[in-house]
Every structure is written in C-alpha cells, then in structure tokens.
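All remarks here apply to the structure that follows.
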Amino acid sequence: VQLQASGGGLVQPGGSLRLSCAASGRTLSTYGMGWFRQGPGKEREFVAAISWSGGTMYYADSVKGRFTISRDNAKNTLYLQMNSLKPEDTAVYYCAATKFQVSQRQSGYEYWGQGTQVTVSS
C-alpha cells in the first residue's frame, strides 16, 4: 500500500484545513487508518484513528472536539478535518495504515505516507 498525504499549508489560528490521504496499490477498505503528527523538536504523536468500516474512531485528547477523522472507501481516501486550529497544532502530519485493529501506537501501523506540513501562525 502506498499512501500520499496532502492538504497541508499555512493557516491562521482559529482556521480550518482538511488533510487527505490517498492510497494506491491496494484497496483501503480492509485497513484500519490513522493520523500522526510530529511538531518541531517533538516526537511523533498519535492524532486520530478510524476502523476499516469507519464505525469506530479514536482521538488524542488534544484534538478531541476540533478534529474529525473520516474515510471514503469508494475513493480509497482518508481525511482529517481540522477546525479551530491552534499554533500548537503546527506539525508534519502523517497518515498510516494497518491490516490489523487500529492503535494509538506507531508500531501498530505497517504502512506510512510521506507527511504534509501544517503551519498555524498569524
């Protein structure tokens, strides 16, 4: 599975962005998916995850109520809608896929995209 994240950019505090993660090479419909991020000088951290069916979602406490993870299996694409963005959301965002049950651990994912930069600044 090859994953390609896109949709990052520069946005002002309080603004919104929607990230996409397009898959190729294999259908995503049987894979659990997740988003992680790595801010400047920080370790990569869990952001959100969604089960293969889309019926179960998990969020980090820091983004709960502001970010929404979703997927369109027909389009083989994962999304992350980010609202009320804060400067501390500045990071490179990575999408990941797993053949197994979704996890909040990086080690729980076998496939990773290349990352897209999100910068929240006035």
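Sequence positions, counted from 1, serve as the residue numbers for this chain.
Put simply, the side chain of N73 never gets that close to the backbone of N76: no donor and acceptor are under 3.5 Å apart. In terms of modelled atom types and a separation under 3.5 Å, the side chain of E110 and the main chain of K99 share a donor-acceptor contact.
Side-chain contact of T77 with D72: a donor-acceptor pair under 3.5 Å is absent, judged by distance alone. With 3.5 Å as the limit, one finds no donor-acceptor pair spanning the side chains of Q12 and S122.
For Q106, there are no side chain to side chain donor-acceptor pair (under 3.5 Å) partners at least two apart in sequence or on another chain. Scored by the side chain to side chain donor-acceptor pair (under 3.5 Å) test, T27 finds S29 as partners (sequence neighbours excluded). Listed by chain and residue number, D89 satisfy the side chain to side chain donor-acceptor pair (under 3.5 Å) test with R66 (two or more places apart in sequence, or in another chain).
Annotation: cation-pi pair R71/Y79 absent, no NZ/CZ under 6.0 Å from the ring centroid and within 45° of its normal. Judged by the 6.0 Å distance and 45° axis criteria, R37 is not positioned over the aromatic ring of Y94.
The neighbour count for Q101 CD, taken as heavy atoms of other residues, nucleotides or ligands under 6.0 Å away, does not exceed 12.
Paired with F46 under the rule ring-ring contact (aromatic ring centres under 6.0 Å, His included), one option of Y58, Y109, F36, Y59 passes, and it is F36. For the side chain to side chain contact (heavy atoms under 4.5 Å, CB included) with V11, the lone residue among T90, V120, T119 that qualifies is V120.
When the side chains of ILVMFWY residues are joined at heavy-atom separations under 4.5 Å, either directly or via intervening members, M57 and L80 end up in a single hydrophobic cluster.
The shortest side-chain heavy-atom distance between L19 and T116 falls under the 4.5 Å cut-off.
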